[in-house]
Amino acid sequence: QVQLVESGGGLVQPGGSLRLSCASSGSSSFGINARGWYRQAPGKERELVATITWDGTTNYADSVKGRFTISRDVKNTVYLQMNSLKPEDTAVYYCNAKTPAYSFWGQGTQVTVSS
């Protein structure tokens with residue numbers, strides 16, 4: 001079992017920056033193929049924000065390219081550096097870990113971008 005805990009969310013003004021962290025604990029019988037960040041705004045479906053694979057390959061949603069950066073450290077904590085934030089980025093952000101058999105999710109952290 002893998003446990004994921006997000007932190008770093010909060011209220012920020014448009015144009016500001018925020019860094020989210022996702023700490024992991026436990027283990028899976030299957031190797032984790034990828035880690036990622038997803039977000040869900042009120043009344044909308046959860047959408048992909050960014051992913052990073054086991055070999056460090058990253059992918060981003062078009063809406064965040066050039067503004068967000070996903071990274072991972074030696075302790076397997078995954079980060080999402082968010083710059084030039086827009087009101088449209090307001091959502092609950094969820095951390096994800098994907099194995100061949102299952103996807104693990106954190107409880108989410110709220111990011112609000114508002115004047």
Side-chain angles (χ1 to χ4, degrees):
Q1 188 66 224
V2 175
Q3 293 81 45
L4 304 173
V5 180
E6 302 97 333
S7 62
L11 175 65
V12 65
Q13 294 185 345
S17 297
L18 210 58
R19 189 177 78 155
L20 306 183
S21 299
C22 178
S24 64
S25 62
S27 63
S28 173
S29 297
F30 300 92
I32 295 175
N33 299 125
R35 302 288 298 277
W37 287 96
Y38 293 71
R39 67 187 182 188
Q40 187 168 22
K44 299 182 179 179
E45 294 187 346
R46 188 174 301 185
E47 65 175 352
L48 171 70
V49 176
T51 61
I52 182 167
T53 63
W54 65 272
D55 64 346
T57 301
T58 58
N59 286 284
Y60 299 91
D62 289 341
S63 60
V64 307
K65 285 181 179 177
R67 300 188 298 120
F68 291 12
T69 302
I70 188 171
S71 62
R72 179 184 61 226
D73 67 14
V74 295
K75 298 180 67 175
N76 289 322
T77 297
V78 176
Y79 304 92
L80 185 68
Q81 178 66 47
M82 304 184 292
N83 299 324
S84 301
L85 283 162
K86 306 174 180 179
E88 308 93 270
D89 296 318
T90 296
V92 177
Y93 284 70
Y94 296 90
C95 179
N96 167 265
K98 183 176 181 293
T99 75
Y102 194 73
S103 291
F104 299 94
W105 297 91
Q107 292 181 270
T109 185
Q110 177 71 48
V111 172
T112 302
V113 185
S114 177
S115 299

Quickly, which of E47, E6, E45 forms a salt bridge (charged side-chain N to carboxylate O under 4.0 Å, His left out) with R39? Name it, please.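 Only one option passes, and that is E47.
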Passes side-chain contact (heavy atoms from CB on, under 4.5 Å), F68 versus N83? Steps please. CA-CA 6 Å; F68 291 12; N83 299 324; over 6 Å; no
Drop me the distance from C22's SG to R72's CZ, to the nearest 0.5 angstrom.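 It comes to 12.0 Å.
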Name all residues meeting the side-chain contact (heavy atoms from CB on, under 4.5 Å) criterion together with V113; count only those two or more places apart in sequence or in a different chain, and write none if there are none. V12, P14, L85, P87, D89, T90, V111
Within the 4.5 Å heavy-atom criterion, are S114 and L11 side-chain neighbours or not?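 Side-chain contact under 4.5 Å: yes.
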Can you confirm whether V49 sits close enough to L80 that some side-chain heavy atom of one is under 4.5 Å from a side-chain heavy atom of the other?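 Yes. Closest side-chain heavy atoms under 4.5 Å.
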Side chains of residues 97-107: which donor-acceptor pairs under 3.5 Å do they make with residues two or more places apart or in other chains?
unit_1	atom_1	unit_2	atom_2	d
T99	OG1	A101	N	3.2
T99	OG1	Y102	N	2.9
T99	OG1	Y102	O	2.9

If two hydrophobic side chains count as joined below 4.5 Å and joins carry through other members, does L48 share a cluster with Y94?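 Yes: a chain of side-chain contacts under 4.5 Å links L48 to Y94.
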Same apolar cluster: I52 and M82, side chain cutoff 4.5 Å: yes
Whether the side chain of R19 engages the backbone of G9 through a donor-acceptor N/O pair (distance < 3.5 Å, no angle test) should be reported.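 Checking the backbone N and O of G9 against the side chain of R19, no donor-acceptor pair under 3.5 Å is found.
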Please check if the side chain of Y60 supplies one atom and the backbone of I70 the other of a donor-acceptor pair under 3.5 Å. yes
What do the steps show when you test Q81 against S17 for side-chain contact (heavy atoms from CB on, under 4.5 Å), and what is the final call? CA-CA 8 Å; Q81 178 66 47; S17 297; 4.0 Å; yes
Table please: side-chain donor-acceptor pairs of residues 30-37 below 3.5 Å, with sequence neighbours left out.
unit_1	atom_1	unit_2	atom_2	d
R35	NE	N96	O	3.4
R35	NH1	N76	O	2.9

